[in-house]
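As the structure lists them, so they are numbered: ligands from 1, and atoms in each ligand from 1.
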Amino acid sequence: MTETVEHAVTPPPVSDVDPFSHENLENPDPLHRGLREAGPVVFLPRYEVHAFARYEQVHAALVDWQHFESGSGAGLANFRDEKPWRAPSLLLEADPPLHDAPRRALRDILAPPTLRRLRATWADLAEALVDQVLSCGAEFDALPALAEAFPLRAFPDAVGLGPDGRENLLPYGNMAFNAFGPRNDLVAADAHRAADLSAWVGAQCQREALAPDGFGADIWAAADRGDLTHAQAPLVVRSLLTAGVDTTVHGLAACLYAFATHPVEWQRLRERPALARVAFDEAVRWQSPVQTFFRTATTDVSIAGSIIPEGTKILMFLGSANRDPDRWDDPDRFDLTRDPSGHVGFGMGLHQCVGQHVARLEAEALLTALVRRVESFELLGTPRRHLNNTLRAWASLPVRVHPVR
Ligand code: OVM
């Protein structure tokens with residue numbers, strides 16, 4: 001399927017769409033359908049990138065790091081000729097062999113023994129949060145009250161962040177995920193805060209700023225053992241703070257939106273709470289909180305008869321692959337009876353989300369607590385999207401809940 005070019009081939013279809021326009025960010029479904037139908041690869045002259053919107057090509061690109069590198073940036077900016085806005089991530093924006101030591105260190109830190117230790121703590125935290133929210137009334141905005149509140153209580157403590165400045169986490173993540181896209185109005189809107197937010201995050205990555213018993217301290221301890229260098233440690237902590245907050249917030253928000261609009265699926269979960277993890281993965285497939293990532297062709301690559309020139313960017317539509325009718329039955333349906341495994345919402349291949357088990361544990365804790373206390377719930381008004389160049393995010397998710405009595 002992916003091969004080095006040997007013979008000249010046909011040019012791909014061209015499309016003048018802007019995937020980062022407000023209209024397409026607000027509702028990407030028509031864009032995705034159009035690109036999937038246009039062909040396996042579509043050239044977007046506006047950004048001079050080749051786009052993959054079908055599952056087959058997105059999956060193939062994700063697992064083929066030899067032809068599709070990350071070291072030139074996982075966003076639109078090509079680090080071969082553009083200076084990155086911050087030091088490149090040692091995980092997301094690196095290739096083997098550089099990528100491997102930080103990846104292994106973080107994988108080992110986020111391994112099952114760590115998650116087993118967190119499980120009871122997070123279950124208690126979720127129960128306390130749900131009790132607190134429900135005691136304040138049956139109508140509330142589930143975005144701040146649950147989807148933001150839970151990860152913001154659970155995750156920074158697990159990393160070992162200090163108490164001050166945690167309100168910077170979501171704005172920093174929002175800025176970082178916007179930065180993967182073009183320098184549009186969404187990037188400009190946060191430009192005045194970029195230096196302050198980056199300085200705060202940078203300071204939290206230092207050993208002195210981190211509690212002795214969290215993921216952050218574990219990363220520094222891995223450096224002491226020589227598993228990575230001491231210069232790498234703060235950047236690996238930074239990856240946790242960049243990739244670990246907004247993503248889970250909007251993954252949980254996707255679950256809440258899904259269940260508020262699919263009461264039959266909520267009843268299914270209430271009958272079988274063990275489906276919580278499947279529900280989370282199905283919500284991640286269905287909404288794809290991370291919509292897009294880029295790669296760079298390391299050589300002229302032939303995809304389904306078209307040449308992608310060496311050194312140019314490839315735009316992978318994860319959200320579109322996750323709804324490709326050639327891969328999924330009734331893809332637009334949120335359905336707890338399907339097997340969502342194989343979705344590319346966490347990526348695939350060697351960069352596949354190293355924190356996905358942490359995210360699933362957070363989701364399991366919150367959904368399990370909700371299942372115990374909530375008979376049913378529904379939208380109370382129209383939810384609002386928060387536009388971001390990379391994230392399929394929410395600004396507000398007003399709900400009414402009917403508590404279990
Ligand atoms: C990182 C990073 C940042 C954003 C996203 C991500 C989803 C990773 O800094 O390593 O993966």
Side-chain angles (χ1 to χ4, degrees), residues 58 61-62 65 68-77 79 84-96 98-107 109-110 151 155 159 161 168-181 186-187 190 194 197-198 200-202 204-205 215-216 219 228 231-252 254 281 284-285 287-295 315-319 321-322 343-360 362 388-393:
V58 170
L62 284 168
W65 58 270
F68 300 106
E69 68 177 16
S70 293
S72 300
L76 175 62
F79 295 174
W85 71 281
R86 58 174 197 171
S89 165
L90 299 173
L91 293 151
L92 183 74
E93 295 158 335
D95 299 297
L98 243 117
H99 158 271
D100 298 340
R103 169 76 189 204
R104 214 169 291 132
L106 195 51
R107 180 201 63 196
I109 288 164
L110 304 179
F155 189 71
V159 173
L161 283 195
N168 291 318
L169 286 168
L170 287 172
Y172 181 79
N174 185 60
M175 183 175 77
F177 280 99
N178 272 329
F180 293 121
L186 296 174
V187 172
D190 283 341
L197 290 170
S198 295
W200 180 80
V201 165
Q204 308 320 305
C205 296
F215 304 154
I219 291 167
L228 64 164
Q232 290 177 321
L235 280 177
V236 177
V237 179
R238 194 194 68 180
S239 283
L240 287 181
L241 300 184
T242 311
V245 186
D246 305 61
T247 48
T248 42
V249 164
H250 296 292
L252 296 175
D281 271 83
V284 170
R285 181 199 68 81
Q287 289 291 303
S288 302
V290 175
Q291 286 276 298
T292 45
F293 268 129
F294 293 77
R295 295 288 187 260
L315 169 46
M316 305 177 297
F317 285 94
L318 310 177
N322 281 339
H343 75 74
V344 291
F346 288 123
M348 198 55 75
L350 100 167
H351 290 284
Q352 191 180 34
C353 181
V354 72
Q356 60 184 288
H357 308 294
V358 180
R360 287 197 188 97
E362 291 181 54
N388 180 284
N389 281 334
T390 303
L391 298 170
R392 187 119 175 85

| task | Indicate, as side chain, backbone, both or neither, the part of S89 found under 4.0 angstrom from ligand 1 when only non-hydrogen atoms are considered. | result | side chain
| Does F346 approach ligand 1 within less than 4.0 angstrom via side chain, backbone, both or neither, non-hydrogen atoms only? | neither
| message | Which of the numbered atoms in ligand 1 are under 4.0 angstrom from any heavy atom belonging to F180? | response |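 Counting atoms of ligand 1 from 1, those under 4.0 Å from F180 are 4 (C).
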| task | Would you mind listing which atoms of ligand 1 come within a distance below 4.0 Å of any non-hydrogen atom of S239? | result | 1 (C), 9 (O), 10 (O)
Are [X] and [Y] packed together at the side-chain level, in the sense that at least one heavy-atom pair is separated by less than 4.5 angstrom?
| X | Y | result |
| --- | --- | --- |
| L186 | N388 | no |
| V245 | Y172 | no |
| H351 | S70 | yes |
| L197 | D190 | no |
| F215 | V236 | no |

At what distance is the nearest protein heavy atom to [atom], and which residue and atom is it?
| atom | value |
| --- | --- |
| atom 3 (C) of ligand 1 | T242 CG2, 3.4 Å |
| atom 9 (O) of ligand 1 | R86 NH2, 2.9 Å |
| atom 5 (C) of ligand 1 | F177 CZ, 3.5 Å |
| atom 6 (C) of ligand 1 | A243 CB, 3.4 Å |

| query | For R238 and ligand 1, does the shortest N/O to N/O distance drop below 3.5 Å? | reply | no
| So, do F293 and F180 have ring centers that fall under 6.0 Å from each other? |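 Aromatic pair counts; centres sit under 6.0 Å.
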| note | Here the gap from R392 atom CZ to N322 atom CG, rounded to the nearest 0.5 Å, amounts to 12.5 Å
